[in-house]
Protein chains: 2
Amino acid sequence: MKRTDRKSDCAINFALETFGDPWSLLIVRDIVYFGKNTYGEFLGSAERIGTSVLAHRLAVLEKKGILSKSLSKIDQRKEEYHLTAKGLDLIPLLLDLTEWGAAHDPRTGASRKWITAIRTDRNTVIKRTQDIVRKGGSVLGDFDRIVNK
Amino acid sequence: MKRTDRKSDCAINFALETFGDPWSLLIVRDIVYFGKNTYGEFLGSAERIGTSVLAHRLAVLEKKGILSKSLSKIDQRKEEYHLTAKGLDLIPLLLDLTEWGAAHDPRTGASRKWITAIRTDRNTVIKRTQDIVRKGGSVLGDFDRIVNK
DNA sequence: CACATTCACTTACATTATGAAAGTAAGTAT
DNA sequence: ATACTTACTTTCATAATGTAAGTGAATGTG
């Protein structure tokens, strides 16, 4: 059986069948946290996703309505990937992953300030992050606009 | 490279390397939502995990400190799997997966009442669910104690 | 304009993970 | 004593990932 075949109507199973592979959420993270938007930028990330896997994941995420793809106006070789509304709805989940990882990884790279912010002002951080990312920004690129405003 | 080799110090990557496969969170869901605790019960779930995959995932989740394993006092053939503190910390994430799945799956099986509860009283639902599961209960088995109290 | 480079992929192939089925050993029910 | 249940292991086919080497179109450079 393929991993994408629908196995039940459980909401959690639906979510995992959409992005529950080892790479999809790292691509979403690249967009949300690092402001990456192109194939080459995703390829360059620390986790070193393989080129064939990346192409496949991008195609699937676009087909499932998490990402939208459009040609760059500046450089016609480049495709730009952005989060759809469905994709922006993954931001709360990303924050939970961040919180869990930071709490349980003794050598986490997450900043104290960010962890505190998502713990104490979760709803505000979610809304601001979604607004920023919708406009093409990112957590690291617009940190002050999300945390210190 | 094995999928379990550490690829970066990103908190999200750490989390995904711990439980970011297609099955781990379904096992956690079985415990949290359905109160399942044994190999046979996990095997019986709707998504039909394969027996060899289940054995492997349980071993890895135990090794990574998400699950603890102990012999049943009543029936010595049975091993019982329970969430550790680290595993109970996954409950917020499970709720987000539920919310996302219910919001974007047109034929979701999630109940309206539950979705409303986790949307409006997230922190309370998290705490109560953790308390209940810590004591061996589950969302479906103790619904009223979590939602209507 | 010619040419090298960049970019988003595709293709090919080895390795790892999953899917499905059939065992096995120990504990329990009769 | 015997049959059954339970938690696995083993085996083998298929699917997904890891790695490297292309390919064709757009862009930068002289």
Side-chain angles (χ1 to χ4, degrees), chain A residues 1-8 13 16-28 30-31 35-64 67-82, chain B residues 1-8 13 16-28 30-31 35-64 67-82:
Chain A
M1 194 196 269
K2 284 193 189 175
R3 227 169 54 187
T4 46
D5 293 347
R6 180 160 204 160
K7 294 187 288 287
S8 81
N13 183 56
L16 293 174
E17 285 180 354
T18 306
F19 51 77
D21 63 280
W23 291 108
S24 291
L25 288 177
L26 288 176
I27 295 170
V28 176
D30 277 354
I31 298 174
K36 299 185 177 185
N37 293 103
T38 67
Y39 194 90
E41 288 172 333
F42 299 138
L43 263 191
S45 289
E47 293 83 9
R48 322 268 45 193
I49 186 171
T51 170
S52 55
V53 178
L54 176 58
H56 187 230
R57 301 276 33 123
L58 288 172
V60 171
L61 288 171
E62 196 200 348
K63 188 180 159 202
K64 297 200 172 178
L67 299 179
S68 65
K69 182 181 176 177
S70 57
L71 215 59
S72 163
K73 311 245 168 175
I74 305 160
D75 185 338
Q76 305 255 260
R77 288 169 304 182
K78 292 187 184 175
E79 296 280 0
E80 284 181 2
Y81 294 90
H82 290 278
Chain B
M1 194 194 268
K2 283 193 190 176
R3 226 170 55 186
T4 46
D5 293 347
R6 180 159 204 160
K7 294 187 289 287
S8 81
N13 183 56
L16 293 174
E17 286 182 354
T18 306
F19 51 77
D21 64 280
W23 291 109
S24 291
L25 288 177
L26 288 176
I27 295 170
V28 176
D30 277 354
I31 297 174
K36 299 186 177 185
N37 292 102
T38 67
Y39 195 90
E41 287 173 334
F42 299 137
L43 264 191
S45 289
E47 293 83 9
R48 320 267 47 192
I49 187 172
T51 169
S52 56
V53 177
L54 176 58
H56 187 230
R57 301 271 44 122
L58 288 173
V60 171
L61 288 172
E62 195 200 349
K63 188 179 158 202
K64 296 200 173 177
L67 299 178
S68 65
K69 180 181 176 177
S70 57
L71 247 149
S72 164
K73 311 243 167 175
I74 305 158
D75 185 339
Q76 304 256 263
R77 289 169 303 182
K78 293 188 184 174
E79 295 282 359
E80 285 182 1
Y81 294 90
H82 291 277

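Atom set for the values below is all heavy atoms of this structure, side chains included, hydrogens, waters and symmetry mates excluded.
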- [ ] Could you check how far CG of A:Leu54 sits from P of C:dC9, rounded to whole Å?
- [x] 8 Å
Task: Gap between atoms OH and P, on B:Tyr39 and D:dT6 respectively (whole Å) - done: 13 Å
Open item on the list: As a test of reading the structure: which of C:dA20, C:dG27, C:dT10 is closest to the side chain of B:Ser52, going by heavy atoms?
Closed with: C:dA20
- [ ] Would you kindly give the CZ-to-C1' distance between A:Arg77 and D:dT23, to the nearest whole Å?
- [x] 15 Å
TODO: Could you check how far CG of B:Asp75 sits from P of C:dA29, rounded to whole Å?
DONE: 6 Å
Task: Salt-bridge criterion met for A:Glu80 and A:Lys69 (N-O under 4.0 Å) - done: no
TODO: For the residue pair A:Asp30 and A:Glu41, establish whether any side-chain heavy-atom pair is separated by less than 4.5 Å.
DONE: no
- [ ] Taking the side chain as every heavy atom from C-beta outward, state whether B:Leu58 and B:Tyr81 have any pair of such atoms under 4.5 Å apart.
- [x] yes
- [ ] State whether A:Lys69 places a side-chain N or O below 4.0 Å from either non-bridging phosphate oxygen (OP1 or OP2) of C:dC9.
- [x] yes
Task: Residue closer to the 5' end of DNA chain D, B:Leu43 versus A:Gly50 (nearest nucleotide) - done: B:Leu43
Open item on the list: Any non-hydrogen side-chain atom of B:Leu67 less than 4.5 Å from a side-chain atom of B:Ile31?
Closed with: yes
Task: base_contact_polar (D:dT9 base, B:Thr51 side chain, donor-acceptor, <3.5 Å) - done: yes
Open item on the list: Let me check the geometry of the helix from C:dC1-D:dG30 to C:dT30-D:dA1. What is the bend angle between the axes at its two ends, five pairs each, to 10°?
Closed with: 20°
Task: A:Ser45 and A:Lys36, any side-chain heavy atoms less than 4.5 Å apart - done: yes
Task: Protein-nucleotide distance (A:His56, atom NE2; C:dA12, atom P), rounded to Å - done: 17 Å
- [ ] Would you mind reading off the distance between B:Leu58 atom CG and D:dT9 atom C1', rounded to a whole angstrom?
- [x] 14 Å
Task: 5' priority, DNA chain D, between A:Gln76 and A:Asp21 [closest heavy atom] - done: A:Asp21
Task: Length of the CH2-C1' vector between A:Trp23 and D:dG18, whole Å - done: 9 Å
Open item on the list: Do A:Ile49 and A:Leu26 have side chains that approach each other closer than 4.5 Å (heavy atoms only, starting at C-beta)?
Closed with: no
Open item on the list: Heavy-atom nearest nucleotide on DNA chain C for B:Lys73 versus B:Arg57: which residue maps closer to 5'?
Closed with: B:Arg57
Open item on the list: Using a heavy-atom cut-off of 4.0 Å across all strands, would you classify B:Phe42 as base, sugar-phosphate, or nothing?
Closed with: nothing
- [ ] Please tell me if the side chains of A:Val28 and A:Phe19 come closer than 4.5 Å, counting only heavy atoms from C-beta onward.
- [x] no
TODO: Would you classify B:Thr38 as touching base, sugar-phosphate or nothing, given that sugar-phosphate means primed atoms plus P, OP1 and OP2, and contacts are heavy atoms under 4.0 Å?
DONE: sugar-phosphate
TODO: Answer with base, sugar-phosphate or nothing: what part of the nucleic acid does B:Gly40 contact at a heavy-atom distance below 4.0 Å?
DONE: sugar-phosphate
